[in-house]
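Input: a single structure, listed below in structure tokens.
Throughout, a chain's letter reflects where its sequence line sits, starting with A, and its residues are numbered from 1. None of these values were measured; they are calculated from a predicted model.
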2 protein chains.
Amino acid sequence: MTANLAIDLDRSSPVPLYFQVAEQIAEAIRRGDLAPGSRLDNEILLADKLGLSRPTIRQAIQYLVDKGLLVRKRGVGTQVVHGQVKRSVELTSLYDDLRRAGQEPATQVLVLEPRPVLEEIAAILGVPAGSEILYLERLRFAAGEPLAVLHNWLPIGLAKLTAADLEGRGLYELLRGAGVRMRVANQRIGARAATQAEARLLEERRGAPLLTMLRTTYDDQGRAVEHGSHVYRASHYSLEVTLIER
Amino acid sequence: MTANLAIDLDRSSPVPLYFQVAEQIAEAIRRGDLAPGSRLDNEILLADKLGLSRPTIRQAIQYLVDKGLLVRKRGVGTQVVHGQVKRSVELTSLYDDLRRAGQEPATQVLVLEPRPVLEEIAAILGVPAGSEILYLERLRFAAGEPLAVLHNWLPIGLAKLTAADLEGRGLYELLRGAGVRMRVANQRIGARAATQAEARLLEERRGAPLLTMLRTTYDDQGRAVEHGSHVYRASHYSLEVTLIER
DNA sequence: CTGACTCGTTTGTCAGGACATTCTGACCTG
DNA sequence: CAGGTCAGAATGTCCTGACAAACGAGTCAG
């Protein structure tokens, strides 16, 4: 049963060993070399085969368990999960998601300017009331059709954003490129009817159902780096979320 | 700066030491003894103080980092996150969420019976086509108002569910009580306009925006244990999701 | 005054070992 | 034949020890 998957390690690489192991196991699962339900070698044997210690192997397996690819049970072993595994949730923007899905996203920047911060937004982002923040409003297209209206507020000085940048890439990619390390995001997802203005932008009728998302993203140190209020055409888009209970 | 938080350990308890440590740190954060942004003692010192080894302390801290309560940075230390920390996402049902929010949920069971499985559902749940599964349809109230229409499909024999049980508790609680260990859930969240039938049940107008959720839940071993198709009144409910990037 | 460099601090990675707990399946008993 | 019992196997927890890598601050040279 235990497919003898070949894993080669590069001890001179800066990539941690546990990560090299995890990636190659994940790749084997994706390729189908490790069938769903099949059992992995036990940790000690695996460690022995690869010339690594058990903690390192455990760390690799734990990483994949957290991502939902593997399942461990005491006294039994480690198995590849049965169900088709969806990509675990990641901190990506709509743009990245669409490009991965081959949808050819396009962006039209409607507003990009500093504005006095609204009291409500100041509280969320933790900036002093009365200061200025960057306000951003975009219209997002996929496959030539309007898909969403995106409103964002960002602390000033976080990154130099130009309209040209924003039309070619997603906001998250640009922030990451500027050294912002996002770690936690809070999302509130709801629905409501489209206003006249929204309907016009999205080529829907007034009152058409829209999916709404409020998101606040925090960095490394828990500082808010972005707050967004987005509306999506429900007829063209839905959100996917995967929950994993530890 | 380092608040000398008192942590007492019970080595005779079956609760793992790392978990005892994690819980008490989390409690200190909730109480406010550990202010947001404050630094914890470094791992070695902490281990020394508590008479534990560094890996154990690391495991405790890692657990809290995964939950989004703490932030680690190499060469710097471990800090309590700044932003208000929301409870991390868990595999709970609407019922549990509402009860936690003090909303006094109520349930009316509309249908509870075995039915021949639809081809589409059979594929999702991984049961043979043509077999029977349990079909469940409920109307959920909160604070006396209708909130959602819930449709569920479950493999037969998973748990003995009665209408009486379901009116007093959430589905997830009942499943857990029956020994089902849910681990992964895939959710697709969208929106659409209410049909006439839905509008009548939910006391909305036809065409009112509804939040829709398709969810498939898998257990321990990756077997599907539940599939649900739910619609919520957008005017009364929204979903909250927290993402944490490792 | 500014920029590069060094150094101490702290977390990240890895090794190897020991015992506890839990699950499965085979065996035995009533 | 049904049920409980026990042994083997696997992961869970915890320990000690060591070195590497990254960060921040202070220092020194230009």
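Partners of A:Asp165 according to the side chain to side chain donor-acceptor pair (under 3.5 Å) rule, which considers only residues two or more places apart in sequence or in another chain, are A:Thr162.
Between the OH atom of A:Tyr63 and the P atom of C:dC14 there is a distance of 14 Å, rounded to whole Å. Atom CG of B:Leu70 is separated from atom P of C:dT10 by 16 Å (rounded to the nearest Å).
Taking 4.0 Å as the cut-off between side-chain N and carboxylate O, B:Arg176 and B:Glu173 do not count as a salt-bridged pair.
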Legend entry - A:Val15 vs A:Glu23, side-chain contact (heavy atoms from CB on, under 4.5 Å): CA-CA, chis, key distance, verdict: CA-CA 11 Å; A:Val15 178; A:Glu23 287 245 299; over 6 Å; no

Inset, instruction - Determine, stepwise, if the pair A:Asp41 / A:Asp48 fulfils side-chain contact (heavy atoms from CB on, under 4.5 Å). - result: CA-CA 10 Å; A:Asp41 285 338; A:Asp48 219 41; over 6 Å; no

Legend entry - Protein-to-nucleotide contact annotation, 5' to 3' order, nucleotides 10-16 of chain D [B base; S sugar-phosphate only; - none; under 4.0 Å, heavy atom]: BBBBSBB

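Using cut-offs of 30° and 60° on the angle between ring planes, the pair A:Trp153 and A:Tyr135 is tilted.
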